[in-house]
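One structure below.
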Amino acid sequence: MEGLRQRLVEFAAARRWEPYHTPKNLAAALSVEAGELLEIFQWLTPEQAAAVMSDPERAHRVRDEVADVLAYLVQFCTAVGVDPLEALAAKIERNEHRFPVPDEGADVNPGVG
């Protein structure tokens, strides 16, 4: 992860993009790229969405958008001083406490349906 983060820093620096890589701009770019990923799946049935990666052209688009989302997330984290892997580990731990494993046979979606 650190190697990729450094490559992104160097890539932006070589192009003199640092002044534009503010937290607000990077968060906006991240949102745009996530929207482009979502666009691939817009209006697909669950079955069609599950088969997207079997179409080479769509699979390529998915991989490109995933890369764009991850790149902007890593750049955003660099700009605000967040270690994304530490943040994720902490969030998983909090969610494990918030959402304990249900007892065998328990209704996992109470009130739904």
Side-chain angles (χ1 to χ4, degrees):
M1 180 65 95
E2 179 57 28
L4 292 173
R5 189 196 69 76
Q6 189 58 41
R7 282 182 69 187
L8 288 167
V9 166
E10 291 169 3
F11 183 88
R15 289 152 182 82
R16 300 185 196 115
W17 291 349
E18 300 104 322
Y20 308 104
H21 284 195
T22 64
K24 180 194 82 64
N25 288 351
L26 292 167
L30 175 58
S31 177
V32 168
E33 295 301 336
E36 290 179 6
L37 178 60
L38 175 60
E39 182 181 32
I40 297 167
F41 295 91
Q42 187 177 17
W43 311 121
L44 298 182
T45 65
E47 296 78 19
Q48 290 169 325
V52 161
M53 296 307 286
S54 63
D55 174 358
E57 184 177 326
R58 281 187 169 173
H60 178 74
R61 285 187 60 211
V62 168
R63 284 190 294 275
D64 277 356
E65 296 309 332
V66 166
D68 289 343
V69 168
L70 182 57
Y72 279 119
L73 179 59
V74 169
Q75 290 172 311
F76 174 83
C77 288
T78 299
V80 298
V82 169
D83 180 317
L85 298 180
E86 285 180 15
L88 178 57
K91 181 65 175 188
I92 291 169
E93 189 170 320
R94 284 193 307 277
N95 281 345
E96 287 172 339
H97 293 288
R98 285 180 61 204
F99 307 105
V101 175
D103 294 330
E104 188 72 27
D107 184 359
V108 295
N109 293 308
V112 176

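Heavy atoms only: backbone and side chains are in, while hydrogens, waters and symmetry mates are out. For clarity, every value in this text was computed on a predicted model and none was experimentally measured.
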key: Considering all heavy atoms, the nearest H97-E93 contact   = CD2-O, 3.0 Å

ask   = Got H60 and R63 here, is their nearest side-chain heavy-atom distance under 4.5 Å?
value = yes

Pairs satisfying salt bridge (charged side-chain N to carboxylate O under 4.0 Å, His left out), at least one member in residues 4-18, at least two apart = E2-R5

remark   = Smallest heavy-atom separation, A34 atom then V69 atom, equals N-CG2, 3.6 Å

key: All ring-ring contact (aromatic ring centres under 6.0 Å, His included) counterparts of F11, not counting sequence neighbours   = W17

request  = Determine whether more than 12 heavy atoms belonging to other residues, nucleotides or ligands lie under 6.0 Å from atom CD of Q42.
outcome  = yes

request  = Using side chain to side chain contact (heavy atoms under 4.5 Å, CB included) as the criterion, point out the one residue from L26, N25, V82, T22 that pairs with F76.
outcome  = L26

query = With a cutoff of under 4.5 Å between side-chain heavy atoms, which Ile, Leu, Val, Met, Phe, Trp and Tyr residues group with L8?
reply = M1, L70, V74, L85

Minimal non-hydrogen separation, S54 against A51, with atom names = OG-O, 2.5 Å

inquiry  = Is there a path of hydrophobic side-chain contacts, each under 4.5 Å between heavy atoms of I/L/V/M/F/W/Y residues, joining Y72 to V80?
reply    = yes

message = Quick check for you: to the nearest 0.5 Å, what is the distance between L73 atom CG and D68 atom CG?
response = 12.5 Å

task = Check the surroundings of atom CG in D103: do more than 12 heavy atoms from other residues, nucleotides or ligands lie under 6.0 Å from it?
result = no

remark   = Between Q48 and W43, the two heavy atoms sitting closest are OE1-O, 4.2 Å

request  = Look at the side-chain heavy atoms of Ile, Leu, Val, Met, Phe, Trp and Tyr, link any pair under 4.5 Å apart, and say whether V66 and L30 land in one connected group.
outcome  = no

request  = Check whether more than 12 heavy atoms from other residues, nucleotides or ligands sit under 6.0 Å from atom OH of Y20, and answer yes or no.
outcome  = no

